[in-house]
Amino acid sequence: GGGRPPRKLFGRTLISVFQQELNELCATLEARKCRHIRCLRPNDDQAALSFDDNAMLRQCRYSGLMEATRIRRQGFPHRRALPSFAARYACLLRSRRARQEALAASPS
């Protein structure tokens with residue numbers, strides 16, 4: 001069977017390049033313990049090798065990425081661990097039992 005010859009990119013097949021880049025991305029995400037990923041489309045036409053600045057900026061604003069970045073630059077943490085959050089804000093809970101449960105979950 002003489003199928004289609006593999007596409008090459010600088011002596012490597014495109015699939016091998018894709019696999020390597022995917023493995024590198026997965027390793028980076030695993031090292032950072034990401035909880036979610038924001039996917040942004042580089043253009044509205046799904047055209048290869050086309051980057052639309054306005055489309056990217058619109059997506060960043062709509063997803064809250066710009067606001068999150070602004071807050072982080074001001075020195076505020078993006079996430080607080082639940083026990084730390086509970087210890088700090090337990091005083092705002094109305095019921096005594098809820099406050100006690102929150103403080104029981106917090107670090108000593």
Side-chain angles (χ1 to χ4, degrees):
R4 195 165 89 191
R7 293 184 181 177
K8 299 275 186 174
L9 180 67
F10 303 109
R12 298 169 29 201
T13 63
L14 288 178
I15 192 67
S16 69
V17 172
F18 176 76
Q19 285 175 329
Q20 179 184 352
E21 289 177 358
L22 183 59
N23 288 336
E24 290 170 2
L25 174 62
C26 288
T28 300
L29 294 174
E30 189 63 32
R32 296 199 174 143
K33 307 267 188 251
C34 294
R35 294 181 184 205
H36 65 278
I37 300 170
R38 285 185 176 93
C39 296
L40 303 174
R41 294 187 333 194
N43 62 66
D44 293 333
D45 301 324
Q46 297 181 354
L49 305 175
S50 174
F51 189 88
D52 183 347
D53 294 344
N54 292 327
M56 292 296 291
L57 183 58
R58 184 178 62 245
Q59 292 174 77
C60 288
R61 285 183 176 149
Y62 181 77
S63 69
L65 188 58
M66 301 298 280
E67 183 67 10
T69 302
R70 184 185 67 76
I71 291 168
R72 292 288 300 256
R73 282 185 179 163
Q74 291 177 348
F76 295 99
H78 186 63
R79 289 187 185 88
R80 182 183 291 259
L82 181 59
S84 172
F85 180 87
R88 181 175 176 109
Y89 297 106
C91 62
L92 299 176
L93 296 171
R94 290 180 189 225
S95 87
R96 183 174 183 204
R97 181 176 178 211
R99 284 193 299 273
Q100 289 172 338
E101 289 174 0
L103 291 172
S106 66
S108 300

Are Asp44 and Arg58 within salt-bridge range, i.e. N to O under 4.0 Å? yes

Would you indicate whether the side-chain heavy atoms of Gln59 and Leu65 approach each other to under 4.5 Å? no

Enclosure of Arg70 CZ (heavy-atom neighbours >12, cutoff 6.0 Å): yes

Walk me through it: do Met66 and Leu57 pass the test side chain to side chain contact (heavy atoms under 4.5 Å, CB included)? CA-CA 9 Å; Met66 301 298 280; Leu57 183 58; 3.9 Å; yes

Evaluate whether atom CD of Glu24 has more than 12 neighbouring non-hydrogen atoms of other residues, nucleotides or ligands under 6.0 angstrom away. yes

Do Thr13 and Ser16 come close enough that some side-chain heavy atom pair is under 4.5 Å? yes

Any side-chain heavy-atom pair of Leu40 and Cys60 under 4.5 Å: yes

As an exercise, state the distance from CG of Asn43 to CG of Asp53, rounded to the nearest 0.5 Å. 11.5 Å

Expected output: side-chain Asp52 to main-chain Asn54 donor-acceptor under 3.5 Å: yes

Which heavy-atom pair separates Gln46 from Arg41 by the least distance, and what is that distance? NE2-NH1, 4.3 Å

